[in-house]
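Structure, as structure tokens:
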Amino acid sequence: MNKILIAFFLFFFCTANLQAQDKKAKDLLDQVTSKVKSYDNIVIDFKYALNNAKENVNQESKGNVTMKGNQYVLNLMGVTKIFDGKKIYTINPEDEEVSISKYNEKDDNSITPSKMLTFFNSGYKFSWDIVQNIKGRQIQYIKLTPTNSRDQRKEILLGIDTQTKNIYNLIELGKNGTKTTLTVNSFKTNQPLSKNQFIFEASKYPKYYINKLD
């Protein structure tokens with residue numbers, strides 16, 4: 001068998017193997033999306049970490065988010081964000097200020113927490129990556145590479161619990177060396193929520209400055 005024929009078979013085998021792995025990655029991501037859409041609401045406690053050795057930056061914080069459809073209440077670093085489906089209310093106790101802005105659905109930079117669970121459905125190439133055993137849970141990683149060359153993110157590793165099909169963590173690697181990690185500590189679904197869960201009540205903040213950005 002000549003070298004050209006051998007090279008052809010090796011290329012064919014590698015290509016077929018990569019295609020099979022890409023299909024496995026897509027199938028798993030589809031299962032995650034289907035699972036997320038099946039819940040009436042989701043309540044997550046998480047750990048947020050940002051590291052950049054070059055800039056000597058090392059931040060860690062805990063947060064939580066409650067989501068129903070595209071509505072959410074997010075608490076992180078002492079700031080609360082409420083999205084009622086039309087407007088975003090950012091409540092900052094330190095400054096005693098509430099900023100109110102409209103949500104632009106067409107703005108690609110306007111990523112809501114609910115979209116963070118399904119953001120991978122467009123704008124990325126994906127491939128099968130490593131699997132890790134974390135505290136008895138099998139976490140399969142999918143590598144996501146942005147298709148937009150102007151994206152400042154180099155790649156994203158999405159860790160998925162193979163048993164529950166829920167996201168365990170998200171590791172974002174920036175082109176500037178910044179590494180951002182979100183790790184889910186608690187993932188609850190279909191919880192009893194208040195009817196005012198996603199409504200901003202100005203009466204709770206009588207002394208706050210209301211800053212209407214739109």
Please answer whether the main-chain N or O of D84 pairs with a side-chain N or O of K87 as donor and acceptor at a distance below 3.5 Å.
no
Ignoring hydrogens and geometry beyond distance, is a side-chain donor-acceptor pair present between N64 and N75 at under 3.5 Å?
yes
Atom CD1 of I100 and atom NZ of K86: how far apart are they, to the nearest 0.5 Å?
14.5 Å
Could you pull out the closest heavy-atom pair between F83 and N70, with the gap in Å?
CD2-O, 2.9 Å
Residue pair T183, Y48: steps toward the side-chain contact (heavy atoms from CB on, under 4.5 Å) verdict
CA-CA 7 Å; T183 304; Y48 168 86; over 6 Å; no
For the atom pair CG (L29) and CG (L144), what is the distance rounded to the nearest 0.5 Å?
6.5 Å
For L50, does its backbone N or O pair with a side-chain atom of E60 as donor and acceptor, under 3.5 Å?
no
Non-hydrogen side-chain atoms of L157 and I142 separated by less than 4.5 Å:
no
For the residue pair F200 and V98, establish whether any side-chain heavy-atom pair is separated by less than 4.5 Å.
yes
Determine, step by step, whether V73 and Y89 satisfy the side-chain contact (heavy atoms from CB on, under 4.5 Å) criterion, reporting the C-alpha distance in whole Å, the side-chain angles of both residues, the deciding distance to 0.1 Å, and the verdict.
CA-CA 9 Å; V73 177; Y89 301 85; over 6 Å; no
Give me the atom names and distance for the closest heavy-atom approach of D161 to I139.
CA-CD1, 3.9 Å
Going through the distances and angles, do N185 and D45 end up as a side-chain hydrogen bond (donor to acceptor under 3.5 Å, both in side chains)?
CA-CA 5 Å; N185 293 325; D45 289 328; over 6 Å; no
Could you walk me through whether T66 and L74 pass the side-chain contact (heavy atoms from CB on, under 4.5 Å) check?
CA-CA 7 Å; T66 300; L74 170 67; over 6 Å; no
Any side chain to side chain donor-acceptor pair (under 3.5 Å) pairs touching residues 30-43, not counting sequence neighbours?
K26-D30, T33-N121, Y39-N166, D40-K68
Nearest 0.5 Å please: distance from the CD1 atom of I160 over to the CG atom of D129.
11.0 Å
What's the shortest heavy-atom distance between S127 and A25, and which atoms?
C-CB, 4.1 Å
Given N148 and Y124, is the side-chain hydrogen bond (donor to acceptor under 3.5 Å, both in side chains) satisfied, shown in steps?
CA-CA 8 Å; N148 188 340; Y124 299 90; over 6 Å; no
What's the separation between atom CD in Q71 and atom CG in L193, rounded to the nearest 0.5 Å?
10.0 Å
Test item: M77 and V79 side chains (from C-beta on) under 4.5 Å apart, heavy atoms
no
Would you mind reporting whether V184 and N169 have side-chain heavy atoms less than 4.5 Å apart?
no
NZ of K165: more than 12 outside heavy atoms within 6.0 angstrom?
yes
Treat each ILVMFWY residue as a node, draw an edge where side-chain heavy atoms are under 4.5 Å apart, and state whether F187 and L28 are in one component.
yes
Inter-residue atom distance K143.NZ - W128.CH2, 0.5 Å rounding:
14.5 Å
Are there more than 12 heavy atoms of other residues, nucleotides or ligands under 6.0 Å from atom NZ of K175?
yes
Please determine whether a side-chain nitrogen of the Lys or Arg among R153 and D151 lies less than 4.0 Å from a carboxylate oxygen of the Asp or Glu.
yes
Which residue pairs satisfy the side chain to side chain donor-acceptor pair (under 3.5 Å) criterion with at least one member in residues 190-210, sequence neighbours excluded?
none
Evaluate side-chain contact (heavy atoms from CB on, under 4.5 Å) for I44 paired with M67, printing each intermediate quantity in order.
CA-CA 9 Å; I44 297 175; M67 298 172 283; 3.8 Å; yes
Does the distance from a Lys or Arg side-chain N to an Asp or Glu carboxylate O, for K23 and D27, drop under 4.0 Å?
yes
Assigning hydrophobic clusters by single linkage (Ile, Leu, Val, Met, Phe, Trp, Tyr; side-chain heavy-atom cutoff under 4.5 Å), is F126 placed with Y141?
no
Measure from the side-chain N and O atoms of Q132 to the backbone N and O of I130, and report whether any donor-acceptor pair falls under 3.5 Å.
no
Return yes when atom CG of N133 has more than 12 non-hydrogen atoms of other residues, nucleotides or ligands closer than 6.0 Å, and no otherwise.
yes
Check: Q138 main-chain N/O paired with T162 side-chain donor or acceptor under 3.5 Å
yes
Report yes if some heavy atom in the side chain of N51 is under 4.5 Å from a heavy atom in the side chain of V57; otherwise report no.
no
Taking every heavy atom of V65 against every heavy atom of F46, the minimum-distance pair comes out as N-CE2, 4.2 Å
Here the pair of heavy atoms bringing G78 nearest to P93 is O-CD, 3.2 Å
Distance check, rounded to the nearest 0.5 Å: N92 atom CG versus K81 atom NZ?
10.0 Å
Quick one, I82 and I88 - any side-chain contact, counting heavy atoms below 4.5 Å?
no
Short side-chain to backbone donor-acceptor contact, T180 and E172, under 3.5 Å:
no
Are Y168 and I134 side-chain neighbours, meaning at least one heavy-atom pair lies under 4.5 Å?
yes
Verify whether one side chain among K125 and T145 offers a donor that lies under 3.5 Å from an acceptor in the other.
no
Is it true that the side chains of N52 and T178 contain a donor and an acceptor less than 3.5 Å apart?
yes
